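First up is the structure itself, then whatever we jot down about it.
Given the structure is predicted, the values throughout are model-derived calculations rather than measurements. Here is how names work: the chains are called A, B, and so on, in the same order as the sequence lines, proteins then strands, and each is numbered from 1.
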Amino acid sequence: MIVKKENEYMLSKRFNKVLETELEADEDTLEALKQLSTFYSENTLPSRRDLRSKIEKRSLDININLLSSFSKVKDTFMSIYNDIVEMNRCVDEITCKLQNSKQRSKALLQQTSMLYSGRNKNTVYQKIVSPFLNKVQLSPDESLILYGNQRSSSLTHATFSVLDKIQQIHNYSRILMRCGLQTVALDTMEHMVLHQEEALENIYRWTQNHCRYVDNLELTELIANAMSKLQDRPPLFRYIIDEYCVGRRSILVSAFIDALTKGGPSGKPAPIEMKAHDIQIYVTDMFVWLYKAISVEQQNLLQMLKFCDNIDSDFILDTLIKVCDGICQPLKIRIEKVLGVPTQAVILYSVLNLLRYYKKCICKILPRGSLENTLVNLQNMGEQVFFTTLQQEINNMFIKIESPVRDLVPTPAIHNLLALLRDMLSTANMNDGREIDMKKITQYIIEPLLRCVNEQASHLPALDMSIYTVNCIYDIFTCLSMFEFMDEFLERLQAQADAQIDNLTAEQASFLVANLNIGPIYTILQDSQREPLSTIPGMEPSNLQKFFLKLEQFITSPELTLLPQFDLLLSSKYKRVVEKRSREVVLAIYTQLFEAVNNPQNQYENPSSLCHKTPDELKESILL
Amino acid sequence: MSAGPYNYSYIFKYIIIGDMGVGKSCLLHQFTEKKFMADCPHTIGVEFGTRIIEVSGQKIKLQIWDTAGQERFRAVTRSYYRGAAGALMVYDITRRSTYNHLSSWLTDTRNLTNPSTVIFLIGNKCDLDAQRDVTYEEASKFAEENGLMFVEASAKTGDNVEEAFLETAKKIYQSIQDGRLDLNAAESGVQHKPSQPGRNNLSNDQQGNKDNCAC
């Protein structure tokens, strides 16, 4: 019964459900019913019976249709699926690849950053090292300067700055060495030494070729610098100096020969030898040229060595001597020729003085060596030739000695010789060391001169002899007294003049005494006076009166009682001396007489009327 | 008139006389230069030499006239006698003739010089004793008779040359000390001190000239 109850419930439920169904509200049922209306057209039994199958069939159809449709979909879906699978595989592949490359780029990045930091480090290093290298190495430019073009081997001031730099680097290396960086220092040093050697070698070659042109202004500084560098290499330095000497010597000699024979450029100044006929000018020109040239050579040498600090003056002198060596021979030949030509002594003397002067000048620059030697020899030769010529000239003058003419003035020969002496002494007077020269020349001339005067005088009467001698000596004395150092000769002349003046005084005094007739009176006065004078014959007042009369005449016109020859005395001074002294004799005798007359012992009456004048009065009238 | 230092107190004038070739110039040369002049040329007229000597502590300058022996210069040489304080009369001991002429030389000297002039006889060339022609004794006797000083000398070796000149100077100096020689007289051959420059040394000598007149 339960089951039936159940069935009955089920069925009631269904029924309820169907009865509760509200068709209008159920869209699905409506849809289904609408669909049913399309194929269930007629409500017939078959139709009712078939409905089911029909519906089932329809459902089947729909299912089949659906199925086929689904299989298409399924096919499409499958293909999509395949594609997606494929795609997936590809993506996987890509992913894998990406993974790989990602892996790899990471390494790269790492490397890059490493390199980058390395680069930074290196830049810093470079910043530090490059100034260092600049300091301790030569730049390519500098190397180029140093080594240059091997063929032209030119030298510039830059070369020297590079060399200086090398030197400096050397010094740095030393500092490095001290800082403990031996390897670098030694390396650098070694390098620098090599550079230096090479550079010096270049400089040496260049200098060797150019040193002789030191007077070229453009080269002077370079050569001077080169020499200062080379002085650290004594052998090279010496070679250069040798080369220099040879070069300059030949330049100097050829310049000298040119100056002598060709003259300056386009003949101005004229060649020195054009004036060879006037030996004074010739010799002067030669020496002026030479002196100038030697000074220039000295300058050149000093210029060349001005930066060398270890050079002593002896070395410079020796070099200069070698440079001037060559000039000796041409000079010697010419001067000897000049001296060999017969010339007047006066001219020879001036040439000799030129020789001496320039010898002195040149020897100030070159105090020894062959040129000095040559000059000394030439000077000696000049002196010898001069004195020989002088002697010869004097001898020629005295070949024939003319006798003095009546006026007793020195003869022309004496005059000429004195003129020669005066000329010589005037020239000599201007020289250094003139004393020896002047004395020697005077000695040479004065001896024969005085001998000549003596010779001439010996042919004359005594009085004329004295006057002629005094006249000659007066002239000689006047001539010599214009010059220095003549004392010795003047003394002799004075002594000789004095002797003759004494003679003349004696002559004149005798003449006066004879003229005034006081000889006898004087003799009587000298006698020892035993008896009164007035009683002695010749001393009586009348006789004395005559003497006083004559004395009066003498006082009024003393010139009448002068020996006529005295007018021929050239020196008025000597004349006065003789006159005065002869009058003094008269005065002395008069004084004696005056005393005698006034002496009562002599028994003269009225002595004051006899002797009008006192001796002092007489002295006043004849001596003052 | 001579300048220079007057480092002497007197000037004595000497004259050397004698025959030609007796060696007067050589004696002078030997005395002034202390050298023998081997081939001495004949003196023309007079030659001159000086030397400063010392007598009794006094510096004395000798002015010596060396005369020519040749007769033709007699006139010239005579003019130098006058001022001489000393006369050296020379003969050659190897040539008698030069000795024989002494008396004429002596006369000349006596006539031309003043009485106080010291005359010294020198027999020169005594180095040539082998050729001697005049004995020492003979000459010595001659000197004594005439009141001359005498010595034999050699200009060649220099023997006694110095002595002859010095002895003469001593004798002259002695005369001055004794007052026998008047210094003011020019012709005494002695000057006291060199003359001042510019002043003629031949002034103010009445005494001397008086003597001249007498002869």
At a heavy-atom separation under 4.5 Å, does Ala462(A) approach chain B through its side chain, its backbone, both, or neither? neither
Measure the spacing between CZ of Arg74(B) and OG of Ser458(A) and express it to the nearest 0.5 Å. 12.0 Å
Are more than 12 heavy atoms from other residues, nucleotides or ligands located less than 6.0 Å from atom CD1 of Ile436(A)? no
If I measure from the heavy atoms of chain A, does Thr50(B) come under 4.5 Å with its side chain, its backbone, both, or neither? side chain
Note, Glu455(A) side chain near Arg72(B) side chain (heavy atom, < 4.5 Å): yes
Measuring from Leu493(A):CG to Phe48(B):CZ, what's the distance to the nearest 0.5 Å? 9.0 Å
Find the one option among Gly49(B), Gly45(B), Ser79(B), Ala75(B) whose heavy-atom pairs under 4.5 Å with chain A are most numerous. Ser79(B)
Between atom OH of Tyr80(B) and atom CG of Asp498(A), what is the distance when rounded to the nearest 0.5 Å? 10.5 Å
Asn454(A) side, atom CG; Thr43(B) side, atom OG1 - distance, nearest 0.5 Å: 10.0 Å
Around atom NE2 of His415(A), are there more than 12 heavy atoms of other residues, nucleotides or ligands at under 6.0 Å? yes
Does the side chain of Arg492(A) come within less than 4.5 Å of Gln63(B)'s, by heavy atoms? no
Report the option among Ala514(A), Pro461(A), Ala495(A) that has the most heavy-atom pairs separated by less than 4.5 Å from atoms of chain B. Ala495(A)
Between Glu491(A) and Lys61(B), is there a side-chain heavy-atom distance shorter than 4.5 Å? yes
Heavy-atom pairs under 4.5 Å with chain B: which of Met486(A), His459(A), Gln496(A) has the most? Gln496(A)
